[in-house]
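Below is one structure, written out as structure tokens, with a few remarks after it.
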Amino acid sequence: MILTKKSTIKKYAKLIVRVGANVQKGQTVQVYADVDQADFAALVVDEAYKAGAKKVNVEWGCDAIMKLNYRHASVKTLSTILPWQEEKMKWQSEELPARIMIDSSDPDGLKGINMDKMQKASRARYKVSKPYSEKMENRHQWTIAAVPGEAWAKKVFPGLRKSQAVEKLWQAILETVYVTDDNDPIEVWNQVNEDFKHKCAKLNAYHFERLEYKSSNGTDFKVWLMPRGRWCGGGETDLNGRYFNPNMPTIEVFTTPEKGKAEGKVVSTKPLSYQGQLIENFWFEFKDGKVVDYGAEKGKELLEKMVTMDEGASMIGEVALVPCESPINKQNILYYNTLFDENASCHIALGRGFNDCVEGFEELKKEDFDAMGVNDSMIHVDFMVGSPDMSIVGYTHDGQAVQIFENGNFTAEFN
């Protein structure tokens with residue numbers, strides 16, 4: 001097996017900083033990483049300083065310690081946000097640092113955790129954190145990227161030794177973000193973002209009223225879009241005019257549908273890693289925009305926790321289009337990680353919608369988004385529904401039917 005060069009990994013760190021977060025001179029940067037990724041986090045910190053960051057802060061995570069906290073601490077303790085923690089949220093909402101999340105988590109890392117305790121604590125903390133996160137929305141750059149962790153790599157490639165699995169996952173991840181030994185991935189991403197702009201423009205030109213999904217696995221689903229909704233994909237521009245790429249990799253084009261207007265059944269086509277545990281072979285039934293029934297071969301109790309997290313958790317915040325010919329899907333790897341699996345398949349998200357999927361969002365207030373039908377929730381959970389025979393038809397306000405997807409891929413008009 002060819003070992004990944006350190007120079008190539010450094011190139012990836014630079015891509016995350018320059019194209020993912022687009023760190024600006026004089027800006028503060030917040031990096032989030034698991035404790036086993038200190039070496040890569042150091043590369044990201046170095047690149048952030050090279051980009052002109054005035055200060056880079058790193059916060060460390062560890063599933064094993066989190067699991068111990070949920071096992072031994074009381075709900076009251078877990079629910080409490082201490083004064084210094086809230087002061088930190090306030091500082092972030094004013095400082096608006098560029099945020100870089102480095103994901104390497106084990107898909108089964110929180111298996112066996114007390115979900116009732118987690119749900120109660122999450123609800124309590126969200127009440128305190130929500131005003132600060134809302135203040136930051138669309139006002140700063142952020143990005144999520146991934147590097148291999150040993151447990152994650154072994155989950156993806158169970159037949160290999162740890163070192164081999166990690167190396168193979170490195171090669172797979174770098175392929176998804178267009179990083180090779182001899183290319184300039186920044187140039188590639190610039191072209192990728194241009195391609196997204198063209199595809200979104202084609203979809204936005206139709207101003208679809210609703211979409212209808214059908215596939216032979218049982219998916220038969222309709223969802224209505226907001227009159228002022230827009231399709232997005234690739235990079236985004238914050239309210240300060242800074243262009244960044246929130247997800248690396250990304251293949252999807254997406255929009256936020258109208259709250260409370262969805263009917264029918266959707267069947268998952270890939271497992272979902274939710275709060276460190278796997279849900280497999282599941283489905284949702286919608287009526288009047290809400291989940292009214294659901295089932296799963298594995299993890300049904302997790303679905304229950306998900307859709308009852310708050311009022312908006314049972315409604316849809318996003319629909320995303322990803323063709324079966326996606327290069328990530330062609331890898332034929334099940335990553336057990338939404339960042340990758342959602343870019344191998346059309347997907348839908350329960351929970352929070354995106355304000356910037358509304359035309360003219362820059363001039364609107366929260367009450368405007370609520371009135372237009374942008375769903376609000378403490379969760380945003382993507383699950384995969386794309387299949388090789390999926391058909392998606394868009395209907396315009398004057399009744400015109402437009403075939404968007406046929407046999408799992410975009411029709412020629414949208415390629």
- Would you call Lys199 and Asp195 a salt bridge, using N to O less than 4.0 angstrom? no

- Message: Quick one, Phe286 and Asp288 - any side-chain contact, counting heavy atoms below 4.5 Å?
- Response: no

- Task: Taking all heavy atoms of Met136 and all of Pro97, pick out the closest pair and write down the distance.
- Result: CE-CD, 4.4 Å

- Would you mind reporting whether Gln92 and Gln30 have side-chain heavy atoms less than 4.5 Å apart? yes

- State whether a side-chain donor-acceptor pair under 3.5 Å links Gln24 with Asn22. yes

- Take atom NZ in Lys202; do more than 12 heavy atoms of anything else shown fall under 6.0 Å from it? yes

- Message: Let's go through Trp189 and Tyr178 carefully: what are the C-alpha distance in whole Å and the side-chain angles of both, what is the deciding distance for ring pair (Phe, Tyr, Trp, His ring centres under 6.0 Å) to 0.1 Å, and is it a yes or a no?
- Response: CA-CA 8 Å; Trp189 273 84; Tyr178 317 113; 5.8 Å; yes

- Task: Provide the closest heavy-atom pair for Cys324 versus Asn329 in the form atom of the first, atom of the second, distance.
- Result: O-ND2, 2.7 Å

- Message: For Asn332, I'd like to know if atom CG has over 12 heavy atoms of other residues, nucleotides or ligands within 6.0 Å.
- Response: no

- Query: Is Glu47 paired with Lys14 through a side-chain N to carboxylate O contact shorter than 4.0 Å?
  - Reply: no

- Could you tell me whether a side-chain N or O of Gln141 sits under 3.5 Å from a main-chain N or O of Ala21, the two making a donor and an acceptor? yes

- Check the pair Glu311 / Ser377 against side chain to side chain donor-acceptor pair (under 3.5 Å), numbers first and verdict last. CA-CA 7 Å; Glu311 184 180 355; Ser377 175; over 6 Å; no

- So, do Val393 and Lys214 sit near enough that their side-chain heavy atoms are less than 4.5 Å apart? no

- Item | Enclosure of Lys67 NZ (heavy-atom neighbours >12, cutoff 6.0 Å) | yes

- Task: Give a yes or no on whether a salt bridge exists between Glu137 and Lys135, defined as a side-chain N under 4.0 angstrom from a carboxylate O.
- Result: no

- Query: Any side-chain heavy atom of Tyr206 sitting closer than 4.5 Å to one from Val402?
  - Reply: yes

- Ignoring hydrogens and angles, state whether a donor on the side chain of Thr143 or Asn245 is under 3.5 Å from an acceptor on the partner side chain. no

- Message: Counting neighbours of NZ on Lys130 that are heavy atoms of other residues, nucleotides or ligands and sit closer than 6.0 Å, is the number greater than 12?
- Response: yes

- Message: Quick check against the 3.5 Å criterion: does Asn415 have a side-chain atom that pairs as donor or acceptor with the backbone of Phe410?
- Response: yes

- Item | Non-hydrogen atoms of Ala33 and Ala41 that approach each other most closely | CB-CB, 4.2 Å

- Item | His347-Phe254 aromatic ring centre distance below 6.0 Å | no

- side chain to side chain donor-acceptor pair (under 3.5 Å) between Thr411 and Gln403, worked out: CA-CA 7 Å; Thr411 56; Gln403 192 79 40; over 6 Å; no

- Item | Heavy-atom donor-acceptor pair, Thr308 side chain to Glu304 backbone, under 3.5 Å | yes

- Item | Summary of side chain to side chain donor-acceptor pair (under 3.5 Å) pairs that have at least one residue in residues 228-239, sequence neighbours excluded | Asp238-Arg242

- Would one find more than 12 heavy atoms of other residues, nucleotides or ligands at under 6.0 Å from atom NZ of Lys270? yes

- Query: Does some side-chain heavy atom of Lys90 sit less than 4.5 Å from a side-chain heavy atom of Tyr132?
  - Reply: yes

- Between Asp106 and Lys111, is there a side-chain N and carboxylate O pair less than 4.0 Å apart? no

- Carefully, step by step, assess Glu150 and Val166 under the rule side chain to side chain contact (heavy atoms under 4.5 Å, CB included). CA-CA 6 Å; Glu150 287 187 352; Val166 168; 4.0 Å; yes

- Message: Is it the case that the ring center of Phe40 lies less than 6.0 angstrom away from the ring center of Tyr12?
- Response: yes

- Centroid-centroid distance, Tyr294 to Trp283, less than 6.0 Å: no

- Message: So for atom CD1, which belongs to Ile65, do other residues, nucleotides or ligands contribute more than 12 heavy atoms lying within a distance under 6.0 Å?
- Response: no

- Message: To check you understand the geometry: which heavy-atom pair defines the closest contact between Asn69 and Leu78, and what is its length?
- Response: O-CD2, 3.9 Å

- Item | From CA spacing to verdict: side chain to side chain contact (heavy atoms under 4.5 Å, CB included), Phe221, Lys265 | CA-CA 5 Å; Phe221 174 69; Lys265 183 177 184 179; over 6 Å; no

- Give the C-alpha distance, both sets of side-chain angles, the deciding distance and a yes or no for side chain to side chain contact (heavy atoms under 4.5 Å, CB included) between Arg352 and Met378. CA-CA 7 Å; Arg352 184 179 62 257; Met378 65 184 291; 6.0 Å; no

- Message: We want to know whether Glu167 and Thr4 form a side-chain donor-acceptor pair, criterion being a heavy-atom distance below 3.5 angstrom.
- Response: yes

- Item | Asp46/Lys50 under salt bridge (charged side-chain N to carboxylate O under 4.0 Å, His left out): CA gap, chis, key distance, verdict | CA-CA 6 Å; Asp46 186 40; Lys50 289 177 179 176; 3.3 Å; yes

- Query: Does some side-chain heavy atom of Val179 sit less than 4.5 Å from a side-chain heavy atom of Leu15?
  - Reply: yes

- Message: Please find the pair of heavy atoms, one from Tyr335 and one from Asp341, that lie closest to each other, and give the distance.
- Response: N-OD1, 3.0 Å

- Do Phe284 and Phe383 have ring centroids that are under 6.0 Å from one another? yes

- Query: If only atom types and distance count, is the side chain of Tyr213 paired as donor or acceptor with the main-chain N or O of Val266 below 3.5 Å?
  - Reply: no

- Given side chain to side chain donor-acceptor pair (under 3.5 Å), test Asp382 with Thr338 step by step and report yes or no. CA-CA 7 Å; Asp382 299 284; Thr338 298; 5.9 Å; no

- Note on the structure: Only residue of Glu59, Glu95, Glu94 satisfying salt bridge (Lys or Arg N to Asp or Glu O under 4.0 Å) with Lys88 is Glu59

- If you draw a 6.0 Å radius around NZ in Lys117, do more than 12 non-hydrogen atoms from other residues or ligands fall strictly inside? yes

- What are the two closest non-hydrogen atoms of Gln37 and Pro148, and how far apart are they? NE2-O, 2.9 Å

- Message: Could you walk me through whether Asn138 and Asn355 satisfy the side chain to side chain donor-acceptor pair (under 3.5 Å) test, starting with their C-alpha distance in whole Å, then the side-chain angles of each, then the deciding distance to 0.1 Å, before giving a yes or no?
- Response: CA-CA 8 Å; Asn138 298 319; Asn355 292 345; over 6 Å; no

- Message: Using side chain to side chain contact (heavy atoms under 4.5 Å, CB included), reason through Lys300 and Phe282 one step at a time and then give a plain yes or no.
- Response: CA-CA 8 Å; Lys300 184 177 179 181; Phe282 59 96; over 6 Å; no

- Message: Determine whether a donor-acceptor pair (N or O, by modelled atom type, separation under 3.5 Å) exists between the side chain of Lys298 and the backbone of Leu278.
- Response: no

- Any chance the rings of Tyr395 and Phe208 have centres within less than 6.0 Å? no

- Query: Mind checking whether Phe414 and Phe405 have ring centres under 6.0 Å apart?
  - Reply: no

- Query: For the side chain of Asn343 and the backbone of Phe340, is there at least one donor-acceptor N/O pair under 3.5 Å apart?
  - Reply: no

- Just wondering, do Leu169 and Gln171 contact through their side chains at under 4.5 Å, heavy atoms? no

- Item | Under 3.5 Å donor-acceptor, Asp389 side chain and Ser216 backbone | yes

- Message: If the threshold is 4.0 Å, N to carboxylate O, is there a salt bridge linking Lys155 and Asp108?
- Response: yes

- Task: Kindly indicate whether the side chain of Asp39, heavy atoms from C-beta on, has any atom under 4.5 Å from the side chain of Leu43.
- Result: no

